[in-house]
There are 2 protein chains.
Amino acid sequence: MNKKPNYDEKISEEMRIFEDLLRKEGLRITAQRILVAKTIFGMHTHFTADSLLEHLKDRRGEISKATIYRILSIMVSGNLLSEHNFGKDYKYYEHIVGHEHHDHIICEDCNRIVEFTSPEIETLQHQIAKSKGFDLTGHKLNLFAKCEKRESCEHFKKKNDSHI
Amino acid sequence: MNKKPNYDEKISEEMRIFEDLLRKEGLRITAQRILVAKTIFGMHTHFTADSLLEHLKDRRGEISKATIYRILSIMVSGNLLSEHNFGKDYKYYEHIVGHEHHDHIICEDCNRIVEFTSPEIETLQHQIAKSKGFDLTGHKLNLFAKCEKRESCEHFKKKNDSHI
DNA sequence: GTACATGCAAATGGTTTGCATCTTT
DNA sequence: AAAGATGCAAACCATTTGCATGTAC
C-alpha cells in the first residue's frame, strides 16, 4: 500500500480527515487502516465490531479482528467515531465525521435505532450541569421504546437478528 | 434462616417489598437473599458487584460472588434495582425502591455520580418518541462533566479509586 | 422429600495483549 | 535500519453456568 490514495468521491473528505488524524498522532497509513476506514465511512448505520467484520467478509484475508479493534480505538479517541452501549453486551459504533450530533431511540420490539436531535434538551442539560457545579463535556441520551404499530412494523422481523 | 425477620426500622419497608417480590415469583427466602438485600437497602450510593462484595467483606463466609450476581439479576427484573453502564466495563446498580426517578451526572474528574431530575426533559422525551412513531418505555440520560472548581473538589482524590 | 438455591470452579464472550513477523517511513 | 503495525493465539475480566451439595417449604 504505497500509492496515492484515490477514494470514492463521497468519502474522500472523511478519508482525508482520517489520514490527518493518523499523521497528527504519528501513526502510519497502512492498508488495513485504509480498508477499515473506507468500509466504515461507506456504511451509514450503527455497527459493532462483529458486523463490521461481516461487511468485510470478502476481504477477510486482508485484516484481523485484533487490528479492527485497534483501529476502532484510534478512531474513537480521534473523535471520528462515537461508541454506544445501548444496553447490550457489546459496543455499537457510528461514524460522526460531518454528522451533526444526535441521540438515539432504541426500539425494544424491532431493534431499530432511530436518531433524533433536540436543541431544547441540550440547553436544559447545560443548565442542569451548571446548576450542580459542573461543566458539561458530553452526554448520552437513549430512549427505549416500542413501535406504536408493532404489527405493521416492517422491521419487526429483524427483532432477533444478531448485532445489526 | 428460619425466624420471622426483624429488620431495622429504616429498611423494613424495602425488605417487605423484596420478600413480596420473591413470593410473587415463587422464589425462596434464603439467608443469602436477605443478607444481600439488607446490604443494598442500607447503602445509599451507586454500587457494582465488586463494591457490594467489598461491603460484605466481614460476612464473606456467608455468600458467594455467583449468588450475588444471581440476586442482582432478580432485583433488576423485579424493578427494585436499576442497572447503569456509565461508560465503564462493569455495571453499576442503585436501589430504586421509594426513590423517585432521576438521571445522572458523571464527573470525569473525580468519578462522582450526582443525581438530578428534569420534568422538562422527560416531557420532551415523550414528545420526541411520539413524533417518531414510538411509545416511550424508558430512558437513560447520562451527563458527562468536569467539576467547575477542580482544584477545590474534595472528591478529586478519589479519581483513581476502583469501582466506587 | 422435593424442588429450588448455593458454592465452586469452569465456561463464556467481547475485547485486549504478548510476541514473532512484516511494513511504513 | 528503526519504529511501528499486524496476525495469531493466549490472556483478560466481568458475568454466567453446570453440577454436586445444601436448604426452604
Side-chain angles (χ1 to χ4, degrees), chain A residues 1-5 18-37 46-54 56 59-78 81 83-93 162-164, chain B residues 1-5 18-37 46-54 56 59-78 81 83-93 162-164:
Chain A
M1 195 2 161
N2 225 335
K3 315 207 170 51
K4 189 109 284 180
F18 176 58
E19 293 191 3
D20 285 350
L21 169 67
L22 293 179
R23 274 187 284 267
K24 177 164 66 76
E25 299 294 329
L27 301 170
R28 290 172 179 177
I29 296 175
T30 67
Q32 289 86 341
R33 287 174 179 165
I34 298 297
L35 172 60
V36 169
H46 303 78
F47 62 92
T48 65
D50 266 6
S51 71
L52 179 55
L53 209 44
E54 191 58 29
L56 286 166
R59 320 267 315 248
R60 271 320 308 283
E62 306 172 41
I63 183 100
S64 74
K65 200 172 216 182
T67 297
I68 286 187
Y69 278 109
R70 285 188 274 235
I71 298 173
L72 288 174
S73 155
I74 292 169
M75 296 180 79
V76 169
S77 24
L81 232 50
E83 196 176 68
H84 302 282
N85 266 94
F86 295 152
K88 301 287 174 55
D89 288 328
Y90 37 83
K91 291 171 182 151
Y92 279 84
Y93 299 88
S162 52
H163 328 165
I164 299 185
Chain B
M1 199 355 165
N2 225 336
K3 318 207 167 51
K4 190 108 283 178
F18 176 58
E19 294 191 3
D20 284 349
L21 169 67
L22 292 180
R23 275 187 284 267
K24 176 164 67 75
E25 299 293 329
L27 301 171
R28 290 169 179 177
I29 296 175
T30 66
Q32 289 87 341
R33 286 173 181 167
I34 297 298
L35 172 60
V36 169
H46 303 79
F47 62 92
T48 64
D50 266 6
S51 71
L52 179 55
L53 210 43
E54 190 59 29
L56 287 165
R59 320 267 314 249
R60 270 323 306 283
E62 306 172 41
I63 181 100
S64 75
K65 201 172 216 179
T67 297
I68 285 187
Y69 278 109
R70 285 188 273 236
I71 298 173
L72 288 174
S73 156
I74 292 169
M75 295 180 80
V76 169
S77 23
L81 232 48
E83 196 176 71
H84 302 282
N85 266 93
F86 295 153
K88 302 286 175 56
D89 289 328
Y90 38 85
K91 291 171 183 151
Y92 280 83
Y93 299 88
S162 51
H163 328 165
I164 298 185

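Source: prediction; values computed, not measured.
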Rounding to an integer number of Å, can you tell me how far A:Leu35 CG sits from C:dT23 P? 15 Å
side-chain hydrogen bond (donor to acceptor under 3.5 Å, both in side chains) involving B:Arg23 - partner list, sequence neighbours excluded: B:Asp20
Does B:Thr48 reach the main-chain N or O of B:Ser51 with its side chain, forming a donor-acceptor pair under 3.5 Å? yes
Examine distances only and state if a side-chain atom of A:Arg33 and a backbone atom of A:Val36 form a donor-acceptor pair shorter than 3.5 Å. no
Can you tabulate the close N/O pairs, meaning under 3.5 Å, that link protein atoms to atoms of nucleotides 17-22 of chain C?
none

Per atom distances to the B:Ser64 side chain, the nearest of C:dC8, C:dT15, D:dG7 is C:dC8
Atom NZ of B:Lys88 and atom C1' of C:dT15: how far apart are they, to the nearest Å? 18 Å
Over how many whole Å does the gap from A:Asp89 atom CG to D:dC13 atom P extend? 18 Å
Report yes if a side-chain nitrogen or oxygen of B:Gln32 is closer than 4.0 Å to either non-bridging phosphate oxygen (OP1 or OP2) of C:dG7; otherwise report no. yes
The answer to which of A:Leu27 and B:Ser73 contacts DNA chain D further toward the 5' end, by nearest nucleotide, is A:Leu27
Checking A:Glu83 now: which residues fulfil side chain to side chain contact (heavy atoms under 4.5 Å, CB included) with it, not counting sequence neighbours? A:Val76, A:Lys91, A:Tyr93
So, using salt bridge (Lys or Arg N to Asp or Glu O under 4.0 Å) as the criterion, who are the partners of A:Lys88 when residues are at least two apart? none
Rounding to an integer number of Å, can you tell me how far B:Leu22 CG sits from D:dC25 C1'? 14 Å
Within the structure shown, what part of the strands sits under 4.0 Å from B:Glu25 by heavy-atom distance: base, sugar-phosphate, or nothing? nothing
Results of side-chain hydrogen bond (donor to acceptor under 3.5 Å, both in side chains) for A:Ser77 - residues two or more places apart only: none
B:Ile74 CD1 to C:dC4 P, straight-line distance once rounded to whole Å: 13 Å
A:Thr67 vs D:dG7: side-chain N/O to OP1/OP2 distance below 4.0 Å: yes
Axis-to-axis angle across the helix from C:dG1-D:dC25 to C:dT25-D:dA1, five pairs an end, to 10 degrees? 30°
Would you say A:Thr30 reaches D:dG4's phosphate, i.e. side-chain N/O to OP1/OP2 under 4.0 Å? no
Rounded distance (Å) that lies between atom P of C:dT23 and atom CD1 of A:Ile34: 16 Å
Could you tell me which residues satisfy side-chain hydrogen bond (donor to acceptor under 3.5 Å, both in side chains) with A:Ser73, sequence neighbours excluded, listed by chain and number? none
Counting distance alone, no hydrogens or angles: does the base of D:dA5 have a donor or acceptor under 3.5 Å from a partner atom on the side chain of A:Arg33? no
Find the distance A:Asp50:CG to C:dT15:C1' and express it as a whole number of Å. 11 Å
By salt bridge (Lys or Arg N to Asp or Glu O under 4.0 Å) - contacts of B:Glu62 (at least two apart): B:Arg59
Heavy-atom pair of closest approach, residues B:Phe47 and B:Leu72: CE1-CD2, 3.9 Å
Of B:Arg60 and A:Tyr93, the one whose closest DNA chain C nucleotide lies more 5': B:Arg60
Options D:dA24, C:dT25, C:dC8, nucleotide nearest the side-chain atoms of A:Arg28: C:dT25
Check A:Ile71 against A:Gln32 and note the closest heavy-atom contact, atom names and distance. CD1-O, 3.6 Å
To the nearest angstrom, the OH-P distance between B:Tyr90 and C:dG13 comes to 24 Å
